[in-house]
Amino acid sequence: MKTIKESINTKELKQLMIYTRGRDDLRRNTKKNLLRTFVFLYYTGARINELQTLLVKDVRQLLEKGEFTLFTQKTNSQRKIYLSPGFKKDLLHLDIQENEENKLIQRAGHPESSMHPLSYIRIVNKFMKDTLGQNYTSHSFRQGLLTEMAAKGINVQIMAKFVGHTSFKTTLNYVKPTDEMVMSSLVR
């Protein structure tokens with residue numbers, strides 16, 4: 001039996017952020033990386049390996065100009081990241097006052113580089129499973145964002161462009177209707 005992957009919504013993001021901030025056993029760098037990762041994944045639907053390409057100066061550009069172009073290695077394409085008011089507020093609460101050439105997600109002791117993407121994905125996924133449960137992964141952010149966009153009636157082509165998919169069919173695979181969505185669409 002295939003397990004249902006759960007979506008990350010506002011409630012789960014808050015839970016992750018509170019739990020991460022409250023963990024005294026986490027190293028400062030790990031805590032900083034996790035908080036940055038959760039905020040970026042929640043608002044952008046990006047992949048972890050995309051986040052690992054970002055520099056602090058990219059975040060500053062996003063805050064100053066309201067948008068930033070992100071290169072997506074998986075599809076060898078570019079996509080724009082936009083700054084919503086909520087995203088800006090949450091970014092400003094993160095500690096990003098450091099050298100602009102530093103990576104956003106940093107290797108401990110080496111702020112100009114990131115750890116291997118697969119290693120970091122494992123760390124994030126383990127932390128999420130420990131905090132929220134076994135049915136959560138870093139892709140739960142992407143699924144939650146696209147499901148919420150679909151529930152608001154946003155055109156699937158816009159959704160695909162937003163997350164950098166070349167096909168809207170791929171985007172639709174991420175949309176997981178909730179019980180509330182199904183019940184609100186009853187016509188009889």
Asker: When rounded to the nearest 0.5 angstrom, what distance separates CG in Leu51 from CG in Leu41?
Answerer: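 Here the interatomic distance stands at 5.0 Å.
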Asker: Please work out which of the three classes, parallel, tilted or perpendicular, describes the rings of Phe141 and Tyr42, given edges at 30° and 60°.
Answerer: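 Plane angle over 60°, so perpendicular.
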Asker: Got a donor-acceptor contact below 3.5 angstrom from the Gln52 side chain to the Met115 backbone?
Answerer: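 Confirmed, Gln52 side chain pairs with Met115 backbone.
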Asker: What are the two closest heavy atoms between Phe68 and Leu62, and how far apart are they?
Answerer: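 Reported closest heavy-atom pair: N-CD1, 4.0 Å.
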Asker: Using modelled atom types and a 3.5 Å cut-off, is there a donor and acceptor pairing between side-chain atoms of Glu12 and backbone atoms of Asn9?
Answerer: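 Looks like yes, one N/O pair under 3.5 Å.
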Asker: Kindly compute the distance separating CD (Gln61) from CD (Glu100), expressed to the nearest 0.5 Å.
Answerer: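 Atom-to-atom, Gln61:CD and Glu100:CD are 10.5 Å apart.
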Asker: Nearest 0.5 Å, please: how far is CD1 in Ile81 from CG in Leu70?
Answerer: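 Leu70 atom CG to Ile81 atom CD1 measures 5.0 Å (nearest 0.5 Å).
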Asker: Is the backbone N or O of Asp95 less than 3.5 Å from a side-chain atom of Arg36, with the two atoms forming a donor-acceptor pair by type?
Answerer: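 Here the side-chain-to-backbone pair exists.
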Asker: Under 3.5 Å, is there a donor-acceptor pair between the side chain of Lys129 and the main chain of Thr137?
Answerer: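 Side chain of Lys129 to backbone of Thr137: no pair is present.
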Asker: Do the side chains of Tyr174 and Met159 get nearer than 4.5 Å, heavy atoms only?
Answerer: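 No. Closest side-chain heavy atoms not under 4.5 Å.
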Asker: Please evaluate residues Lys89 and His93 with respect to the criterion side-chain contact (heavy atoms from CB on, under 4.5 Å), reporting the C-alpha separation (whole Å), side-chain torsions for both, the decisive distance (0.1 Å), and the verdict.
Answerer: CA-CA 7 Å; Lys89 179 182 169 227; His93 281 98; 3.9 Å; yes
Asker: Do Tyr136 and Phe40 share a hydrophobic cluster (ILVMFWY, side-chain heavy atoms under 4.5 Å, transitive)?
Answerer: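 Result: yes, single cluster for both.
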Asker: Give the minimum heavy-atom separation between Thr147 and Ser7, together with the two atoms involved.
Answerer: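 Smallest interatomic distance, heavy atoms only, reads OG1-OG, 4.2 Å.
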Asker: How long is the span from the CG atom in Asn49 to the CZ atom in Arg47, to the nearest 0.5 Å?
Answerer: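 It is 7.0 Å, given to the nearest 0.5 Å.
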Asker: Can you name the ring-ring contact (aromatic ring centres under 6.0 Å, His included) partners of Tyr19, sequence neighbours left out?
Answerer: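 Per chain and number, Tyr19 pairs via ring-ring contact (aromatic ring centres under 6.0 Å, His included) with Phe127.
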Asker: Please find the pair of heavy atoms, one from Leu145 and one from Thr44, that lie closest to each other, and give the distance.
Answerer: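 Closest pair (atom of Leu145, atom of Thr44, distance): CD2-C, 3.7 Å.
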Asker: Would you check, one step at a time, whether the test side-chain contact (heavy atoms from CB on, under 4.5 Å) holds for Leu104 with Asp58?
Answerer: CA-CA 9 Å; Leu104 178 68; Asp58 300 328; over 6 Å; no
Asker: I'd like to know if the side chain of Tyr43 and the backbone of Ser84 have a donor-acceptor N/O pair within less than 3.5 Å.
Answerer: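 Here the side-chain-to-backbone pair does not exist.
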Asker: Considering residues, nucleotides and ligands other than Lys161, do more than 12 of their heavy atoms fall under 6.0 Å from its NZ?
Answerer: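 No, NZ of Lys161 has 12 or fewer neighbouring heavy atoms, counting only those of other groups under 6.0 Å.
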Asker: So do the side chains of Lys152 and Glu148 get within less than 4.5 Å of each other, counting heavy atoms only?
Answerer: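 With C-beta onward as the side chain, the pair touches.
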Asker: How close do Gln106 and Asn29 get, counting heavy atoms only, and between which atoms?
Answerer: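 Shortest heavy-atom contact: O-ND2, 3.1 Å.
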Asker: May I ask whether Val39 and Val163 are part of the same hydrophobic cluster, defined by side-chain heavy atoms of I, L, V, M, F, W, Y residues being less than 4.5 angstrom apart, directly or through others?
Answerer: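 No, no single cluster joins them.
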Asker: If we only count heavy atoms from C-beta on, is the Asn173 to Lys169 side-chain gap below 4.5 Å?
Answerer: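 Of all side-chain heavy-atom pairs linking Lys169 with Asn173, none is under 4.5 Å.
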Asker: Minimum heavy-atom separation for Ser138 and Asn125, please, with both atom names.
Answerer: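 Closest approach of Ser138 to Asn125: N-OD1, 2.7 Å.
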Asker: Answer yes if Ile18 and Leu13 sit in the same cluster of Ile, Leu, Val, Met, Phe, Trp and Tyr residues linked by side chain heavy atoms under 4.5 Å apart, and no otherwise.
Answerer: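 Ile18 does not cluster with Leu13.
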Asker: Indicate yes or no for a side-chain donor-acceptor contact from Ser114 to the backbone of Ile105 under 3.5 Å, with no hydrogens or angles considered.
Answerer: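 Yes; at least one donor-acceptor contact below 3.5 Å.
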Asker: Donor-acceptor pair, distance only, cut-off 3.5 Å: does the side chain of Arg79 make one with the backbone of Phe162?
Answerer: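 Yes: the side chain of Arg79 pairs with the backbone of Phe162.
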Asker: Quick one: do the Glu6 and Ser140 side chains pair a donor with an acceptor below 3.5 Å?
Answerer: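 The answer is no; no qualifying pair exists.
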Asker: Hey, does the side chain of Gln143 reach the backbone of Lys5 with a donor-acceptor pair shorter than 3.5 angstrom?
Answerer: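 A pair under 3.5 Å: yes.
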Asker: Can you see which heavy atom on Arg27 is nearest to which on Ala108, and at what distance?
Answerer: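 That would be NH2-CB, 3.4 Å.
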Asker: Under a single-linkage definition using a 4.5 Å side-chain heavy-atom cutoff for Ile, Leu, Val, Met, Phe, Trp and Tyr, are Ile8 and Ile48 assigned to the same hydrophobic cluster?
Answerer: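 Yes, because Ile8 and Ile48 connect within a single hydrophobic cluster, where side-chain heavy atoms sit under 4.5 Å apart.
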Asker: Roughly how far, to the nearest 0.5 Å, is the CD atom of Gln15 from the CG atom of Leu132?
Answerer: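 Rounded to the nearest 0.5 Å, the CG-CD separation comes to 5.0 Å.
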Asker: Give the C-alpha distance, both sets of side-chain angles, the deciding distance and a yes or no for side-chain contact (heavy atoms from CB on, under 4.5 Å) between Leu63 and Leu83.
Answerer: CA-CA 7 Å; Leu63 286 167; Leu83 188 66; 4.2 Å; yes
Asker: Quick one: does Glu101's side chain get under 4.5 Å of Leu55's, heavy atoms only?
Answerer: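 Answer yes - side chains close enough.
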Asker: Measuring from atom CG of Leu91 to atom CZ of Arg60, what distance do you get when rounded to the nearest 0.5 angstrom?
Answerer: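 The distance works out to 12.5 Å.
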Asker: Under 4.0 Å between a Lys/Arg side-chain N and an Asp/Glu carboxylate O for Arg23 and Asp130?
Answerer: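 Salt bridge flag = no for Asp130 with Arg23.
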Asker: If two hydrophobic side chains count as joined below 4.5 Å and joins carry through other members, does Leu92 share a cluster with Tyr82?
Answerer: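 Cluster IDs for Leu92 and Tyr82 differ.
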Asker: Could you go step by step and tell me if Ile123 and Asn33 meet the side-chain contact (heavy atoms from CB on, under 4.5 Å) rule?
Answerer: CA-CA 11 Å; Ile123 290 168; Asn33 282 342; over 6 Å; no
